[in-house]
Every structure is written in structure tokens, then in C-alpha cells.
Amino acid sequence: MHATSAAQFASSTTRIAPDLEQVRDDVWALGMPMPGGHIPYSLLYLLRDSADGIHVIDPGWDSKSNLQRVLRALASLGAAATDIRSITATHLHPDHIGMGPRLKQASGAPLQVHATEKEALYARGVGGWSPSVFSHVLDDWGVPANRRAEIEAILSATPPHPDVHVDRVLANNERLDIPGFDLVAMLTPGHTPGHLSLRDDARSIMFTGDHLLPTMHAGLGLGGPTNTNALTDYLDSLDTVSVYPDHEALPGHGYRFSGLAKRAGKSARHHLKRSREVAEVVADSPDSTIWQIAERLTWTAGWNRLEGFFLFSALSQTAIHRDFVAADGLARIAAHHR
Ligand SMILES: [Zn+2]
């Protein structure tokens, strides 16, 4: 993997959102600041079609100042909000879709996501968890009584997904209506169940959202409960994007890069290493609950320091790996190391 933009690469270390940068003749990237400090910015993309219409990919975090930032960027291209013809979000997280409604209001352009993402957005709550289902899950995971309250509290404490009205849904392999572009939506579930990556073969670019990132590995199963295993989905989705190893990756955070397939391989190994760790604990103590497995794993922050949402996230990731290992995970781990 190599950074293909020195400016964006520098931004990933200074943690200051990068300025508008031209990526192709008719494609630009703009860093969008995010609150919280954990991840400093997302990357918004502007496409100019052959009829001078503007198309936005991943509007970014919702704020008045971020809207002004986009309007200034448009002005520098000789365009305005009213030139926006479509707004597409790779997935439902507020650092990607958040400013969608505000941008829609300013432009009148339709907002589009994959159908699964629309469903999850409309389900609201913490990725669609209802309190009764949530309580059942915590029972299932073997969460001790004295730790339940802090996890249950995240249901009410975590702000719901932004109040987003989706105008159009995109299907897997659908070609977006952008004159002069050949942009194809690829369903790449794993990070969220309806995550899209978008590729344009003529320009040899792929918008990878949070599916494939240069500075971190995508978290899994962060779009609400599903019937499929997020890791199985994620590995399949890495294969999906690896069919295009020479496309330049235009990710949702960090910096654009080449070596997309190599990065995908590294992300697979990162997650499978965790699966092996979980498999070892399960082999040693087959009756362990999710809680008992998780407390035997290594955590960057230290198991005893995980609280509230981070504790929930740790348990949820552990459950994904345990279920993966219990299904066909061991065979997939072996296949990956052949
Ligand atoms: Zn995300």
C-alpha cells in the first residue's frame, strides 16, 4: 500500500482535515472535520459530470461549518449548491451520511444509499437494537449482573442515527446516473450490512468508504443486528474489491492509496488473527460465554478498562468471531494461510 496523495498523507499525521484536492480531471476530495478526536476527519468526494452537474459522495459530519466548507469548495470549482445532482452515502454512519439532509436542503438533490442501509437508518436506536432484544443478547453473552447497567445505558445515551430521509436506494452492481461516469455500486457488507463501495473502471478509482481504510482496519457489524456473520460478509467483500487491484482507493478516512488488494489482504489477516485467538480460547474452554472469552483476549485499552459503549463493542466483536469460528471460520483461516 502506498499513499497517492502527499497532502492527505500529511493530514493523517497532523490530524487536520485536508483541503480540496483534485484526484482526476473531474473528481475532487475534501477533508471534513469530525468531533470527538478519535478520528479527525472523513473524506468527501465531488464529481463533476459531463453536463457540469455535481455529485457528492459521503457528505460527512453534519454541522453548519461543514456545510460552509463544502460551499466554499464548490465555489472554488465555479459551482454552487444548486448544481448538486445527487448525494450518495457509502453507509449509514453519521460521519458519512450526517450532512446529507442539510446538503439536500441546500441543493434539492436526492440522497441515495443501499436498501439495507435505508432499513437500518429507519429502524433507529443503536443500529436498530430494541431494548428487549438487547437485554436478551446481554443474557446470551453472559454479562455479569453488576456490569449490565452501564451497557444498557448506551441504548438511551447514544444518539440515534441522524433523521435522514432516503430518496433513492441503490442495488448491488447498479450503475449510478452520472453522465460521463461509469460509476458502479458494489455491495460490500461487513462494516455495516448495506455498505457500498463505488468503482469507476475508466478512471481506475474506487470509493471504499469504511470498508477499506489505510490507517486502521474496519470495525465489523456496526450497522445493527443481521442474520449473517459480519466477518464472513467482510471477508467476502474484501474479495469483491480485490478483483480490482490496480484501482486507486479513495477511502472514507485517512488518505488515498494504491495497492488496494494488498491492503485487503492485510485487513483479512488482521481479523483472522483475532479469530484464531478466539478459537484457542474456545478450544480450551468450549462452554465459555462471550464475556468469558472476551476477558481472556488481549485488548489495546486493557480488558479491565473497557466500559460502557467500548465494553459493548468489545463483546459484540468477540461474538462475531466466536460465531465465525463455530461456523466455517477455521476452514477459512486455514485457506488464507495456504
Ligand atoms: Zn463507518
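As the structure is a prediction and not an experimental result, all values here were calculated from the model. Both ligands and their constituent atoms are indexed starting at 1 by order of listing.
Counting backbone and side-chain atoms alike, H195 contributes no N/O/S atom closer than 2.8 Å to the Zn ion (ligand 1). Here H91 meets the criterion, with an N, O or S atom under 2.8 Å of the Zn ion (ligand 1).
Listed for the E117 side chain is a donor-acceptor partner under 3.5 Å among the backbone atoms of G194.
Counted within 6.0 Å of NE2 on H2, heavy atoms from surrounding residues, nucleotides or ligands total 12 or fewer; the atom is thus considered open.
Residues H165 and P101 fail the side-chain proximity criterion, which asks for heavy atoms closer than 4.5 Å.
Nearest to the Zn ion (ligand 1), among the N, O or S atoms that H93 has, is ND1. Per residue D210, closest N, O or S atom to the Zn ion (ligand 1): atom name OD2.
Taken together through direct or relayed side-chain contacts under 4.5 Å among Ile, Leu, Val, Met, Phe, Trp and Tyr, M206 and L43 form parts of separate hydrophobic clusters.
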